[in-house]
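Reckoned from all heavy atoms, side chains included, excluding hydrogens, waters and symmetry mates.
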Amino acid sequence: GDSSQALINTLLNCIGSFFAGSNLQRMRDRFADAIKLSAERKQLNYMLQAQQVQHSVSKLIGAGEELNYSSEGRNILASNSSVVRSFHYQTAYVSFMFRLYDDSKHYTEKSLDFIDNTWANLLVAHSFHAFYFGLISFWVARVSRDEQQQQWLESGKRSKLTLKRWAESSQWTFGNKWYLLEAEESYCKNDYNTAKFYYEKAISSSRDHKFVHEEALACELAGYFHVEFGDTEKAMEYF
């Protein structure tokens with residue numbers, strides 16, 4: 001059969017399940033199977049991307065070790081823009097989840113450098129790239145106090161617009177993510193009431209549509225927001 005198409009379907013299923021909040025231990029095993037299949041079929045591009053996501057899963061579990069690439073893998077990382085962008089995105093994503101500001105900023109910048117030179121920007125996975133790049137961009141914009149602040153704010157706005165368009169195609173899947181980016185942008189603008197409104201919208205939409213992991217993320221970010229505005233008692237309700 002068409003091994004390439006089979007691998008694409010396998011990876012899309014694994015990545016979709018990961019973004020949907022499936023059990024991480026189970027996802028690590030599923031990516032291991034995808035990596036093995038890719039290696040057997042000598043599909044190195046797919047194998048590298050599966051390794052990158054599996055590495056993120058392992059990091060979230062607390063068992064992540066540094067990736068050791070073959071010489072062929074290193075060559076692909078040096079020449080294939082889509083694989084390189086995926087690598088930088090995964091590193092930025094894990095850094096953001098662990099609130100590592102410098103790494104989140106650095107790898108987001110590196111990934112966005114490749115945005116015009118990658119294929120398949122309409123894949124669902126890229127909607128999640130836009131989501132997390134938007135969250136990181138608004139975070140960096142709040143911390144920055146230099147000429148780059150506006151640049152990062154505009155980056156976040158572009159991600160927010162992308163998620164708004166995805167939400168128009170599926171409110172169930174993407175509405176909560178759009179609301180959270182609205183909240184983070186309002187936080188950047190010190191618009192307390194609007195930010196509070198959209199945090200609540202993001203939390204309730206995530207809960208209603210069973211995105212438990214994104215409900216937790218929205219609660220965490222809402223907690224940081226209330227800490228910043230001096231309401232630690234309210235923040236503890238979210239933490």
(request) Using modelled atom types only, decide if a donor and an acceptor are shared between the side chain of Ser170 and the backbone of Trp166 within a distance under 3.5 Å. (result) no
(request) Could you verify whether a donor N or O on one side chain and an acceptor N or O on the other, from Ser86 and Gln52, lie under 3.5 Å apart? (result) yes
(message) I want to know whether Tyr132 and Phe128 have ring centres closer than 6.0 Å.
(response) no
(message) Let's go through Glu184 and Tyr199 carefully: what are the C-alpha distance in whole Å and the side-chain angles of both, what is the deciding distance for side chain to side chain donor-acceptor pair (under 3.5 Å) to 0.1 Å, and is it a yes or a no?
(response) CA-CA 8 Å; Glu184 288 286 287; Tyr199 281 123; 2.4 Å; yes
(request) Could you verify whether a donor N or O on one side chain and an acceptor N or O on the other, from Tyr224 and Glu228, lie under 3.5 Å apart? (result) no
(message) Quiz question: by atom type and distance under 3.5 Å, do the side chains of Ser206 and Asn176 form a donor-acceptor pair?
(response) yes
(message) Looking only at the aromatic ring of each residue, does the gap between the centers of Phe133 and Tyr89 stay below 6.0 angstrom?
(response) yes
(message) When you measure from the centre of the six-membered ring of Phe211, is the NZ or CZ of Lys177 closer than 6.0 Å and no more than 45° off the axis?
(response) yes
(message) Parallel, tilted or perpendicular, judged at 30° and 60°: which one describes the rings of His129 and Phe19?
(response) perpendicular
(request) For the residue pair Gln90 and Ser56, confirm or rule out a side-chain donor-acceptor distance under 3.5 Å. (result) yes
(message) Is it true that Ser155 and Ser137 share a donor-acceptor pair across their side chains at a distance under 3.5 Å?
(response) yes
(message) So, using ring pair (Phe, Tyr, Trp, His ring centres under 6.0 Å) as the criterion, who are the partners of Trp178 when residues are at least two apart?
(response) none
(request) May I ask you to check whether Tyr101 and Trp139 place their ring centers less than 6.0 Å from one another? (result) yes
(message) Checking side-chain contact (heavy atoms from CB on, under 4.5 Å) between Phe131 and each of Thr162, Ile136, Leu163, which is the one that passes?
(response) Leu163
